[in-house]
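In this text the structure is predicted, and so the values were computed from the model without any measurement. Note that ligands are numbered from 1 as they come in the structure, with each ligand's atoms numbered from 1 the same way.
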Amino acid sequence: MFDWKVLSDELEELKKTGLYTNIRTLESPQGEWLTISGKKVLNLCSNNYLGFADDQRLKKAAMEAIEKWGVGPGAVRTIAGTLSIHEETEKALADFKGAEAAMLVQSGFNANQAVIPPLFSKEDVIFSDELNHASIIDGCRLSGAQIIRWNHLDLDDLENKIKTNSARRRLIVTDGVFSMDGDVAPLDGIVKLGEKYGVMVMVDDAHGEGVLGPHGKGIVAQFKLEGKIDIDIGTMSKAFGVVGGYVAGNKVLIDYLKQKARPFLFSSAPTPPDVGAVLAAVQVLAQSDDLVKKLWDNSKYFKDHMKSIGFDIGHSQTPITPVMLYDAQVASNFSKKLFEEGIFAQSIGYPTVQKGKARIRVMISAVHTKKSLDFALEKFEKVGKTLGVLL
Ligand SMILES: *Cc1c(COP(=O)(O)O)cnc(C)c1O
């Protein structure tokens with residue numbers, strides 16, 4: 001038998017260095033306040049930007065979808081056929097993104113596995129921002145293409161790397177919003193380079209949808225680049241509050257992927273309640289952008305106050321607020337102390353962020369009240385002083 005002690009020793013080492021993640025068990029839905037171990041705590045962790053994970057309208061739509069379509073898709077769509085609610089959702093998501101067509105898969109993670117490997121192979125080159133999400137990195141690796149990393153957000157570096165390369169097929173790929181720092185890709189500049197050198201452009205808008213652009217339509221709408229992006233990856237798991245992923249783009253791309261993408265061919269589609277709820281989310285966003293505005297108001301309020309208290313909150317341009325503590329052990333202690341004070345804000349260290357860049361990532365949501373944000377600010381200040389992070 002395998003000697004599992006090697007692995008348990010490794011886990012012990014993670015615990016010693018503050019890099020072991022203690023996964024909390026929730027006794028309540030994702031929302032502004034949570035119940036954890038019988039204790040009421042303020043939720044500053046989730047990607048549930050607009051509160052959709054527990055929204056009455058989405059819950060109702062999910063239940064109606066179950067009544068009409070049942071709970072499961074039966075098999076992969078190429079074999080068992082596709083439910084019309086999948087097609088309806090794909091059309092709604094494509095419209096939402098200003099794209100011709102879209103294809104659903106099981107998660108945002110899978111969307112990257114679905115799109116990169118069928119389009120790129122050994123002879124090809126992918127230019128990837130050095131801080132791209134793990135699912136993009138894995139999609140690139142799986143394709144077998146040569147991966148050239150460019151310095152984070154650095155268009156000059158990107159251009160130099162494109163210039164000195166002449167592969168058969170080339171791709172520039174970037175996160176829209178970088179999930180750990182909250183900074184935004186210079187998508188207009190990237191598109192210009194794509195046009196200048198004839199390179200395909202792909203953006204993963206997981207943290208931009210529901211957040212950036214009018215009515216939360218995402219980074220492409222924010223930069224007014226509809227029709228100029230080759231591939232737009234989306235997730236239903238963040239602002240949409242559900243779970244699932246999709247690829248949006250032109251009709252040829254989507255038609256091709258439905259024949260070639262392995263997560264589409266070999267794994268079943270999202271369930272009827274998932275897509276039913278997402279349809280409702282798209283409708284809510286189309287009707288009103290009040291929630292998006294509230295999200296930004298809340299973020300500004302929290303970030304301004306954190307800065308004046310004296311915290312280093314990086315250079316986020318979005319509601320993602322990294323409270324930089326650098327040392328993994330300090331970040332882990334900070335999170336534990338906050339929890340004792342009634343705040344759920346998880347510390348994040350390597351490998352999710354680079355070594356020496358540990359932090360607490362605060363996720364602001366439209367469902368936070370000013371009163372709750374004040375409570376959070378008070379507790380952050382208190383713990384910051386106790387741990388000597390603040391003077
Ligand atoms: C969160 C995230 C994903 C994964 O999305 P899931 O739907 O949770 O699988 C993919 N890409 C980026 C950039 C992300 O931030």
Side-chain angles (χ1 to χ4, degrees), residues 21 23 30 45-50 52-53 58 89-90 93 96-97 102-117 126 128-142 149 152-153 171-187 190 201-212 216 218-220 222 229 231-249 261-264 267-271 273-275 277-278 281-282 316-322 346 348 351-353 359 361-363 365:
T21 309
I23 301 174
Q30 283 290 350
C45 288
S46 87
N47 297 326
N48 181 22
Y49 287 105
L50 304 173
F52 281 166
L58 273 74
T89 307
E90 286 170 336
L93 289 170
F96 181 73
K97 286 292 189 172
M103 177 183 88
L104 289 167
V105 285
Q106 307 77 22
S107 69
F109 194 100
N110 277 7
N112 284 307
Q113 320 298 301
V115 72
I116 305 173
I126 301 174
S128 174
D129 185 291
E130 64 180 337
L131 293 189
N132 274 346
H133 190 259
S135 60
I136 299 178
I137 296 170
D138 286 7
C140 294
R141 285 181 182 157
L142 203 54
R149 304 201 312 166
H152 184 49
L153 310 180
L171 171 73
I172 307 170
V173 60
T174 185
D175 276 32
V177 175
F178 287 82
S179 56
M180 292 299 138
D181 294 293
D183 45 1
V184 177
L187 200 58
I190 290 175
V201 173
M202 164 170 165
V203 64
D204 180 340
D205 200 22
H207 282 277
E209 295 159 326
V211 177
L212 295 179
I219 190 168
V220 175
Q222 165 111 342
I229 299 286
I231 304 167
D232 188 350
I233 297 292
T235 175
M236 295 156 34
S237 335
K238 284 171 181 154
F240 285 133
V242 195
V243 76
Y246 61 99
V247 184
R262 290 165 77 86
F264 185 84
S267 186
S268 299
T271 68
D274 290 335
V275 289
V278 168
V282 174
S316 170
Q317 298 159 266
T318 62
I320 295 170
T321 309
Q346 197 78 310
I348 295 180
T352 310
V353 294
R359 66 198 65 186
R361 185 183 62 152
V362 173
M363 297 301 282
S365 151

Side chain to side chain donor-acceptor pair (under 3.5 Å) partners of Asp181, counting only residues at least two apart
Arg359
For Asp204, give me all partners under salt bridge (charged side-chain N to carboxylate O under 4.0 Å, His left out), at least two apart in sequence or on another chain.
none
Counting only heavy atoms and a distance below 4.0 Å, can you name the residues contacting ligand 1?
Ser107, Gly108, Phe109, His133, Ser135, Asp175, Ser179, Asp204, Ala206, His207, Thr235, Ser237, Lys238, Gly244
To the closest 0.5 Å, what do you measure between CG (Asp274) and OG (Ser107)?
11.0 Å
Between Phe96 and Phe240, is the gap from one ring center to the other below 6.0 Å?
yes
Is it true that a side-chain atom of Asn132 and a backbone atom of Asp175 form a donor plus acceptor pair closer than 3.5 Å?
yes
Set of residues satisfying side chain to side chain donor-acceptor pair (under 3.5 Å) with respect to Gln222, sequence neighbours excluded:
none
